[in-house]
Amino acid sequence: MKSILLVEDSRFLRRANELALAKAGYQVTTAADGEEAVHLARTTAPDLVLLDMLLPKLGGPEVLRALRKDPVTSTIPIVVLSSLPQSNEQKLKGEGAVAYFEKSKLDLENDSQALLQIVTETLDRESVKSRSAHFGAE
């Protein structure tokens, strides 16, 4: 079972997305702030991190940089969740995010299908990448 670290300070969004991800078969760990996110990423080694950008204690961009610099977490794919305009997408990808998801596209009435799709696509892509690296096909 793939594990996901969901980092979101909004209790409502954190719970709604946690339920949707669990229902889809993922093991979900949640963090409500940036410091907790860095700690949990280091100690639980999730298969994917869903990272909100506007967080208390340590902001999303700082969490992204910290996870990319740490050898323990540097290869974990990170999908940025943001209310910010998509103009930030390239900058965040340049800092190590593998994908960008606008919160305005969350469809909570339909179990967050758009978010689940990007999670599945990202995990599939990373799985192919790691198999290719393992067999020297890159």
Engineer: Gln27: what forms a side chain to side chain donor-acceptor pair (under 3.5 Å) with it, not counting sequence neighbours?
Structural biologist: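 Applying side chain to side chain donor-acceptor pair (under 3.5 Å) to Gln27 gives none.
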Engineer: Between Ala24 and Leu116, what is the shortest heavy-atom contact and its length?
Structural biologist: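 Between these two residues, the closest heavy atoms are CB-CD2, 3.8 Å.
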Engineer: Between atom CG of Leu6 and atom CG of Leu115, what is the distance when rounded to the nearest 0.5 Å?
Structural biologist: 8.0 Å
Engineer: Mind checking the CD-CD spacing from Glu121 to Gln117? Nearest 0.5 Å is all I need.
Structural biologist: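 These two atoms lie 4.5 Å from each other.
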Engineer: Please enumerate all residues that pass side chain to side chain donor-acceptor pair (under 3.5 Å) together with Arg15, with sequence neighbours excluded.
Structural biologist: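 Expected list: Glu18.
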Engineer: Looking at Ala66 and Thr73, what are the two nearest heavy atoms and their distance?
Structural biologist: O-OG1, 4.3 Å
Engineer: Taking atom CZ of Phe101 and atom OG of Ser82, what is their separation to the nearest 0.5 Å?
Structural biologist: 11.5 Å
Engineer: Scan the side chains in residues 48-62 for donor-acceptor partners under 3.5 Å anywhere in the protein, sequence neighbours excluded, and list what turns up.
Structural biologist:
{"unit_1": "Asp52", "atom_1": "OD1", "unit_2": "Lys103", "atom_2": "NZ", "d": "3.0"}
{"unit_1": "Asp52", "atom_1": "OD2", "unit_2": "Lys103", "atom_2": "NZ", "d": "3.3"}
{"unit_1": "Glu62", "atom_1": "OE1", "unit_2": "Gly59", "atom_2": "N", "d": "3.3"}

Engineer: Report the C-alpha distance between Ile4 and Val119 in whole Å, list the side-chain angles of each, state the deciding distance to 0.1 Å, and finish with yes or no for side-chain contact (heavy atoms from CB on, under 4.5 Å).
Structural biologist: CA-CA 9 Å; Ile4 295 174; Val119 165; 3.5 Å; yes
Engineer: Kindly say whether Ser104 contributes a backbone atom to a donor-acceptor pair with the side chain of Glu102 at under 3.5 angstrom?
Structural biologist: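 Checked: no pair found.
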Engineer: Can you tell me how far NZ of Lys93 sits from CG of Leu64, rounded to the nearest 0.5 angstrom?
Structural biologist: 12.5 Å
Engineer: With a 4.0 Å cut-off, would you call Arg68 and Glu95 a salt bridge?
Structural biologist: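 No salt bridge links Arg68 with Glu95.
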Engineer: In Å, rounded to the nearest 0.5 Å, how long is the span from NZ of Lys2 to CG of Asp124?
Structural biologist: 8.5 Å
Engineer: Which residue pairs satisfy the side-chain hydrogen bond (donor to acceptor under 3.5 Å, both in side chains) criterion with at least one member in residues 29-47, sequence neighbours excluded?
Structural biologist: Ser3-Asp47, Arg42-Asp70
Engineer: Which of these, Leu67, Leu92, Thr122, sits in a side-chain contact (heavy atoms from CB on, under 4.5 Å) with Ile78?
Structural biologist: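 Of Leu67, Leu92, Thr122, side-chain contact (heavy atoms from CB on, under 4.5 Å) with Ile78 is met by Leu67 alone.
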Engineer: For a quick test of reading the model, state the closest non-hydrogen atom pair linking Ala99 to Ile118 and the distance between them.
Structural biologist: CB-CD1, 3.8 Å
Engineer: What are the two closest non-hydrogen atoms of Ala97 and Val80, and how far apart are they?
Structural biologist: CB-CG2, 3.5 Å
